[in-house]
Novice: 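I'd like to ask you about the structure that follows.
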Protein chains: 2
Amino acid sequence: MSTDAPTFSPLYRQIKGSIMQSLQSGEWRPGEAIPSEIELAVRYKVSQGTVRKAIDELAAENYLLRRQGKGTFVATHDEARAQFRFLRLKPDVGVQEYPAGRLLDCKRARASAEVARLLRLKAGDGVVVILRVLSFAELPTVFEQIYLPGQRFRELSAAMLNDYKGSMYKLFETEFGTRMIRAEEKIRAVGADATAAQLLGVPQRTPLLCVERVAFSYGEEPVEFRRGYYRTDKHYYSNELG
Amino acid sequence: MSTDAPTFSPLYRQIKGSIMQSLQSGEWRPGEAIPSEIELAVRYKVSQGTVRKAIDELAAENYLLRRQGKGTFVATHDEARAQFRFLRLKPDVGVQEYPAGRLLDCKRARASAEVARLLRLKAGDGVVVILRVLSFAELPTVFEQIYLPGQRFRELSAAMLNDYKGSMYKLFETEFGTRMIRAEEKIRAVGADATAAQLLGVPQRTPLLCVERVAFSYGEEPVEFRRGYYRTDKHYYSNELG
DNA sequence: AAGTGGTCTAGACCACTTT
DNA sequence: AAGTGGTCTAGACCACTTC
């Protein structure tokens with residue numbers, strides 16, 4: 001038999017697929033409870049155990065959040081758990097805090113070949129470009145360039161970004177129905193260019209972490225490209241190898 | 001601290017603990033099959049499903065490896081899966097390859113305060129210090145300083161490191177009964193010092209990734225501290241945010 | 001008390017590997 | 001054919017939350 005044909009797909013994976021579709025279609029919205037395991041078992045005509053296994057996997061992949069006694073909820077970017085999932089910078093001393101953001105620019109532009117490739121657009125398609133600086137305890141630490149598909153984020157404006165309190169991903173989720181599920185990062189060491197040096201208050205050619213991130217939403221759809229320059233004299237990027 | 005006053009500990013977690021102890025004690029060795037689920041169910045006087053759940057978690061945490069039809073095996077560092085678990089450097093172009101290592105030094109020394117703290121030793125305790133350079137396709141890319149507890153690695157020698165074919169963690173596992181389970185890394189950007197510059201063939205102050213790793217064995221015991229300097233002009237450190 | 005997720009059981013059957 | 005892990009079921013009971 002051909003190796004890649006879906007020769008066999010267990011029931012619980014099909015259920016998992018159904019649930020993911022309901023999430024993607026917005027039938028159940030972030031923060032809301034989905035139907036109970038028993039209800040879903042009835043709906044899909046399977047046993048509760050089979051539904052459980054489907055939900056177990058979705059919870060492990062950060063799509064859902066189980067709360068004993070209360071129900072199963074669509075994951076959100078304002079849970080404590082999610083706060084630092086995409087921000088791996090920790091201070092050398094003290095506890096991790098959420099940074100203050102300063103918006104430098106938010107404009108429309110055309111996608112370069114690179115950005116188009118990463119976001120699966122056509123070169124020249126419209127994108128939103130956001131520039132900002134993040135500071136920890138008044139110390140400018142991150143300079144970020146963010147690229148978003150213009151289509152999906154048509155309504156996004158500088159005012160919106162400034163008014164919104166909370167993380168950017170929370171705003172995307174709330175205002176654009178776009179939930180980030182996972183991201184891939186490529187990390188390099190580079191010397192600060194004139195712009196980064198000025199914004200971060202360091203000499204040119206100071207070694208900085210260059211972190212390029214592509215974030216994916218439902219269905220492995222890339223919906224954000226972000227390039228960040230991190231000062232690492234008082235912070236470090238933390239990672240766990242499991 | 002004794003493991004816990006179990007406010008409440010489900011059966012399958014106790015089973016999991018028992019299995020972990022058998023792994024730690026060496027009752028089942030890396031690469032070997034552990035008893036079948038049914039045998040374990042009999043041994044622990046529980047149902048097969050309860051054993052399954054315990055094994056599920058251990059497999060997810062890279063302690064065990066399930067193979068349908070064959071059995072459940074103690075994880076090893078020579079599986080394809082494990083090869084790149086601790087090496088996150090990927091080439092900008094081409095496919096990831098295993099690097100060639102060149103040993104520069106392997107000596108005994110006394111732990112500095114920092115190394116002692118990280119390895120939970122007393123300052124001045126004996127440690128093994130290894131210096132080496134890793135090259136990808138003839139290109140020196142990583143300069144590493146490795147610190148190991150002298151006690152545990154009493155027999156380790158330069159000859160042993162040179163003779164051994166395969167990854168260092170595989171050697172630790174085979175020759176010292178020390179299996180690395182997980183690791184934490186702190187990543188910074190720094191300028192190349194004279195030593196690193198010379199060994200990696202770059203000018204001084206070239207931006208390099210500085211990756212500090214503490215690796216843990218069974219029971220969260222730290223058994224290795226490693227500081228690596230990575231060139232990132234042709235490679236990048238890849239990470240996934242799940 | 002009622003409803004939710006979490007644990008545990010016992011048994012049936014499926015898929016994969018080896019003999 | 002026999003043995004392994006993988007799936008699925010049905011039901012019991014526990015722990016947590018809310019009413």
Side-chain angles (χ1 to χ4, degrees), chain A residues 1-20 22-23 28 31-76 79-81, chain B residues 4-19 22-23 28 31-76 79-81:
Chain A
M1 77 186 69
S2 73
T3 43
D4 52 3
T7 56
F8 170 71
S9 178
L11 243 188
Y12 75 88
R13 276 201 195 282
Q14 302 174 34
I15 309 291
K16 183 183 173 187
S18 291
I19 295 174
M20 278 173 89
S22 294
L23 292 172
W28 306 316
E32 289 179 4
I34 70 172
S36 76
E37 294 177 354
I38 294 175
E39 283 178 83
L40 290 173
V42 170
R43 172 191 301 203
Y44 297 125
K45 296 190 175 55
V46 299
S47 76
Q48 187 184 352
T50 301
V51 171
R52 273 193 74 77
K53 185 135 187 180
I55 293 178
D56 279 346
E57 288 200 358
L58 289 167
E61 292 165 28
N62 293 116
Y63 286 91
L64 297 175
L65 182 64
R66 320 190 74 146
R67 287 196 239 169
Q68 181 172 92
K70 301 184 73 170
T72 300
F73 298 79
V74 183
T76 303
E79 303 144 17
R81 290 177 54 259
Chain B
D4 46 47
T7 55
F8 170 70
S9 181
L11 242 186
Y12 75 88
R13 276 202 196 281
Q14 302 174 33
I15 309 292
K16 183 183 172 188
S18 291
I19 295 175
S22 293
L23 293 172
W28 307 315
E32 290 179 5
I34 71 172
S36 76
E37 295 177 354
I38 293 175
E39 283 178 81
L40 290 173
V42 171
R43 172 192 301 204
Y44 298 125
K45 296 190 176 56
V46 298
S47 76
Q48 187 183 351
T50 301
V51 171
R52 272 193 75 76
K53 185 136 186 179
I55 292 179
D56 278 346
E57 288 200 357
L58 289 167
E61 293 165 28
N62 293 116
Y63 287 90
L64 296 176
L65 183 63
R66 319 190 74 144
R67 287 196 238 168
Q68 181 170 94
K70 301 185 73 172
T72 300
F73 299 78
V74 183
T76 304
E79 303 145 15
R81 293 178 52 258

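Basis for what follows: all heavy atoms, side chains included, without hydrogens, waters or symmetry-related copies. Naming: A, B, ... by sequence-line order, numbering from 1 per chain. From a predicted model like this one, the values you see are computed outputs, not experimental measurements.
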Novice: Under 4.0 Å from any atom of DNA chain C, heavy atoms only: list the residues of residues 31-44 of chain B that qualify, in numerical order.
Specialist: none

Novice: Represent DNA chain D in dot-bracket notation, 5' to 3'. Only Watson-Crick or G-U wobble pairs with both distances under 3.5 Å count; pseudoknot-style crossings use [ ] and interstrand partners use |.
Specialist: ||||||||||||||||||.

Novice: Identify the heavy atoms of B/L65 and B/R81 that sit nearest to each other, and give their distance.
Specialist: CD1-NH1, 3.6 Å

Novice: Closest heavy-atom contact between B/G31 and B/T76?
Specialist: N-OG1, 3.1 Å

Novice: Please tell me which of the listed nucleotides, D/dT7, C/dG6, C/dC8, lies nearest to the side chain of B/L11?
Specialist: C/dC8

Novice: Quickly work out the A/L65 CG to D/dC16 C1' distance and round it to whole Å.
Specialist: 15 Å

Novice: Can you find a pair of side-chain heavy atoms, one from A/L40 and one from A/I55, that are under 4.5 Å apart?
Specialist: yes

Novice: Does any N or O in the side chain of A/Q14 come within less than 3.5 Å of the main-chain N or O of A/S9, such that one atom is a donor and the other an acceptor?
Specialist: yes

Novice: Compare the minimum distances between each of C/dT7, D/dT7, C/dC16 and the side chain of A/Y12, then state the nucleotide with the smallest one.
Specialist: D/dT7

Novice: Report yes if the side chains of A/T72 and A/L58 come closer than 4.5 Å at any heavy-atom pair, otherwise no.
Specialist: no

Novice: Look at the side chain of B/V46 and decide which nucleotide, out of C/dT7, C/dG6, C/dT9, has an atom nearest to it.
Specialist: C/dT9

Novice: Among D/dG5, C/dG5, D/dT7, which is the nearest nucleotide to the side chain of A/T72?
Specialist: C/dG5

Novice: Is B/T50 near enough to C/dT7 that one of its side-chain N or O atoms lies under 4.0 angstrom from OP1 or OP2?
Specialist: no

Novice: Write down the distance between NZ (B/K16) and P (C/dC8), rounded to a whole number of angstrom.
Specialist: 13 Å

Novice: What pair of heavy atoms forms the shortest contact from B/V74 to B/E79, and how long is it?
Specialist: O-OE2, 4.4 Å

Novice: State, with a plain yes or no, whether a side-chain heavy atom of B/I19 is found less than 4.5 Å away from one of B/W28.
Specialist: yes

Novice: Write down the distance between NZ (A/K53) and P (C/dT7), rounded to a whole number of angstrom.
Specialist: 14 Å

Novice: Between A/Q14 (CD) and D/dC8 (P), how many Å, whole number?
Specialist: 8 Å

Novice: Measure CZ/B/F73 against P/D/dG3 and give the value in whole Å, please.
Specialist: 16 Å

Novice: From CD1 of A/I55 over to P of D/dT7, roughly how many Å is that when rounded to an integer?
Specialist: 16 Å

Novice: Can you find a pair of side-chain heavy atoms, one from A/I34 and one from A/E39, that are under 4.5 Å apart?
Specialist: no

Novice: Report the distance from atom CG of B/D56 to atom C1' of D/dG5, rounded to the nearest whole Å.
Specialist: 10 Å

Novice: Which residue lies toward the 5' end of DNA chain D, A/V51 or B/G71, if each is placed at its nearest nucleotide?
Specialist: B/G71

Novice: With heavy atoms under 4.0 Å as the rule, sort B/R52 into base, sugar-phosphate or nothing.
Specialist: base

Novice: Is any side-chain heavy atom of B/R52 closer than 4.5 Å to a side-chain heavy atom of B/R66?
Specialist: yes

Novice: D/dT18, C/dG5, C/dT18: which one has an atom nearest the side-chain heavy atoms of A/K70?
Specialist: D/dT18

Novice: What is the separation between atom CG on A/L58 and atom P on C/dG5, rounded to the nearest whole Å?
Specialist: 14 Å

Novice: Considering non-hydrogen atoms only, spot the tightest contact between A/K16 and A/A54 and give its length.
Specialist: N-CB, 3.8 Å

Novice: If you check the A/Q68 side chain, which of D/dT9, D/dG6, C/dG6 turns out closest?
Specialist: C/dG6

Novice: Looking at A/R67, I'd like to know whether one of its side-chain N or O atoms comes within less than 4.0 Å of OP1 or OP2 on D/dT17.
Specialist: no

